[in-house]
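For reference, the structure is listed below as structure tokens.
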Amino acid sequence: MSDLTPDQSFSAQLYRLLLFCYPASFRRAYMTEMMQAFRDCYREFMHHQSRWSLLRFWQLMLGDLAISLVVEYKRVVITWLKHPLEERQIQMAMNITFAQRTDIGLKRDLNEDSMMSFLPDDARQLQEKGALFVVADGLGGHSDGELASQLAVNTVKEVYYQDDAGDRAEALRRAVLAANERIQQQNLAKSSQPSEWTMGTTCVAVVLLEDTAYVANVGDSRAYIARGDEMRQITRDHSVVADELRAGIITKEQVKDHPQRNVIYRCLGEETVEVDIFTEGVQEGDKLLLCTDGLCVLVDDDELRSIVQRYDIQESVQRLIDRANELGGPDNITAVVAQVA
Amino acid sequence: MKKPSREPVDLLPLTPAVLHIMLALVDGERHGYSIMQEVANRSGGKVRMGPGTLYGSIKRMMADGLIEESDARPDPALDDERRRYYRLTGFGQRVVRAEILRMEQIVQLARHLTVNQESMGGAL
């Protein structure tokens, strides 16, 4: 924030400290947004420039803090009382299972996709930072694409688990930005022209922590959530065809033959990149699918849904890959399915 | 990790905070502070919601499937990319309609009773 006055800076610091009174899970999910709302509110109150503005502002904030703290802790206590001890321990241990598979496809000489699923062995780390799943689809000549996608998944994991900030969504964003920077540095080191671009990668990353999935996305790899009979795409593709489809310029049927179907306008490896962040509530039984476009361009959403719902996770990933290959396998194919049980 | 209730009436009555947030989202998606402003404006400044109440309610509304996060950025140029936008789900729209219907029925009953009372008072 560039327009912080000393008063505002002090008030914001004080409020940030007060936010530590909230239960950790609440803080992790909403701290950044609450700070932003606090700053917006502060500006609104100070705009009136009355001598009582600051007093009235803090009256609202402290009143809100007191009431919402009681509500949040009441919820925590009720949840604890409702669940028998064994169930609570299982819940705290986060029962997550996953399966992952990547395949070169039928037409390519190299597999430039990379994937990573990580469930920390350390129970405390799992409880604080959750499980991480990353899928990346590398772009570039020779083995550069492969290098870029590997660099992306490794960097996201390394940086995410080193980040101790409370807000998990922000930690995930920073991890993806760090991956962008590393790939860009490789690009700069390799090319004689600073503007010459040699490699890049898409990146979709999901953190599963307690009852929330934090999702970061750059490019056209995807994350879906399946619950009951429904499956929904969480991420938004940064591709020309996805934008045209959303705007109603083309139909779903026209996507496969579109001359620019492979063109994406955001990827890691650029000088600056904007990372989309989504948060999703997750429930027992939910499944998450992460995949590269080698799968989701060929196999439509209905079929993805029916495979993921019908089979266990191991069989799902195998069947997803097989289905993409049956349809020609023109690209590398990667699928990761995680289940919250 | 509870399964959401799929019948709108199971979630009624809504708390005042939840109802205010849902009404603020009836005409489109908004980010947190925009919801706070809308609630204050619509109530003529009488209802002021702080960040704790707002995000506590948002968390539970997301878990109940009443609202969802939207990926759209209405004005990307002016907007901070870290802001999250929320919108009503189809289920949320059904719940808010059911709540309004419930309140209407109470108001009707209250009117009916007070009118009867008055007419009885007049007769005496």
Side-chain angles (χ1 to χ4, degrees), chain A residues 1 15 18-19 21-22 25-26 29-41 44 56 60-69 71-72 75 79 82-83 87 91 169-170 173 210-212 217 227-228 232-236 246 274-286 340, chain B residues 1-6 15-18 20-21 24 30-41 45-73 76-87 89-92:
Chain A
M1 305 305 279
Y15 191 64
L18 289 171
L19 289 183
C21 298
Y22 284 102
S25 61
F26 184 71
Y30 294 108
M31 190 160 172
T32 307
E33 279 183 281
M34 288 174 78
M35 284 307 299
Q36 186 133 29
F38 176 89
R39 285 190 291 262
D40 289 337
C41 254
E44 183 192 321
R56 287 212 333 265
L60 169 70
M61 289 301 148
L62 293 177
D64 171 65
L65 186 86
I67 292 168
S68 58
L69 273 179
V71 174
E72 293 310 318
R75 297 266 170 181
T79 313
K82 269 187 183 167
H83 294 90
E87 206 179 316
Q91 211 176 331
E170 275 308 302
R173 182 201 303 280
E210 292 177 354
D211 56 358
T212 309
N217 182 51
R227 175 178 304 165
R232 182 167 51 82
Q233 186 180 340
I234 301 171
T235 50
R236 185 170 51 108
R246 260 199 301 274
E274 194 186 331
V275 183
D276 285 351
I277 297 284
F278 306 86
T279 49
E280 282 283 333
V282 290
Q283 301 174 358
E284 206 177 307
D286 285 358
V340 184
Chain B
M1 296 268 175
K2 65 179 175 161
K3 297 260 185 273
S5 147
R6 298 321 292 177
T15 65
V18 168
H20 278 299
I21 294 170
R30 292 176 185 278
H31 56 73
Y33 176 61
S34 165
I35 295 173
M36 288 161 73
Q37 275 181 311
E38 185 64 15
V39 171
N41 288 342
K46 281 184 191 148
V47 182
R48 292 225 69 131
M49 196 180 281
T53 308
L54 175 75
Y55 284 103
S57 306
I58 284 180
K59 183 181 164 75
R60 282 181 282 285
M61 291 165 80
M62 299 251 295
D64 284 334
L66 297 176
I67 56 170
E68 62 191 0
E69 224 174 283
S70 152
D71 60 6
R73 291 285 175 273
L78 294 173
D79 221 353
D80 188 317
E81 64 174 52
R82 287 170 303 182
R83 282 192 200 280
R84 296 185 207 160
Y85 280 76
Y86 302 94
R87 65 176 169 221
T89 58
F91 179 64

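Just so we're on the same page: letters track the sequence lines, and every chain starts at 1.
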(message) Is Ile58(B) in contact with chain A via its backbone, its side chain, both, or neither, using a 4.5 Å heavy-atom distance?
(response) both

(request) Output all residues satisfying salt bridge (Lys or Arg N to Asp or Glu O under 4.0 Å) with Arg30(B), sequence neighbours left out; order by chain, then residue number. (result) Asp27(B), Glu38(B)

(request) Could you pull out the closest heavy-atom pair between Arg84(B) and Ala169(A), with the gap in Å? (result) NH2-CB, 3.9 Å

(message) If I measure from the heavy atoms of chain B, does Leu65(A) come under 4.5 Å with its side chain, its backbone, both, or neither?
(response) neither

(request) Please report the closest heavy-atom contact between Met61(A) and Pro51(B), naming both atoms and the distance. (result) SD-CD, 3.6 Å

(message) Restricting to non-hydrogen atoms, name the atom on Tyr55(B) and the atom on Ala37(A) that form the minimum distance, rounded to 0.1 Å.
(response) CE1-CB, 4.4 Å

(message) Quick check on the interface: out of Ala29(A), Gly281(A), Cys41(A), who has the most heavy-atom pairs with chain B under 4.5 Å?
(response) Cys41(A)

(request) Work out which heavy atom in Leu60(A) is nearest to a heavy atom in Gly50(B); give both atom names and the distance. (result) CD1-N, 4.5 Å

(message) How long is the straight-line distance from CZ of Arg56(A) back to CZ of Arg48(B), given to the nearest 0.5 Å?
(response) 8.0 Å

(request) Hey, could you give me the CZ/CZ distance between Arg75(A) and Arg60(B), rounded to the nearest 0.5 Å? (result) 4.0 Å

(request) Please determine, among Glu68(B), Lys59(B), Met62(B), Gln37(B), the option with the most heavy-atom pairs under 4.5 Å with chain A. (result) Lys59(B)

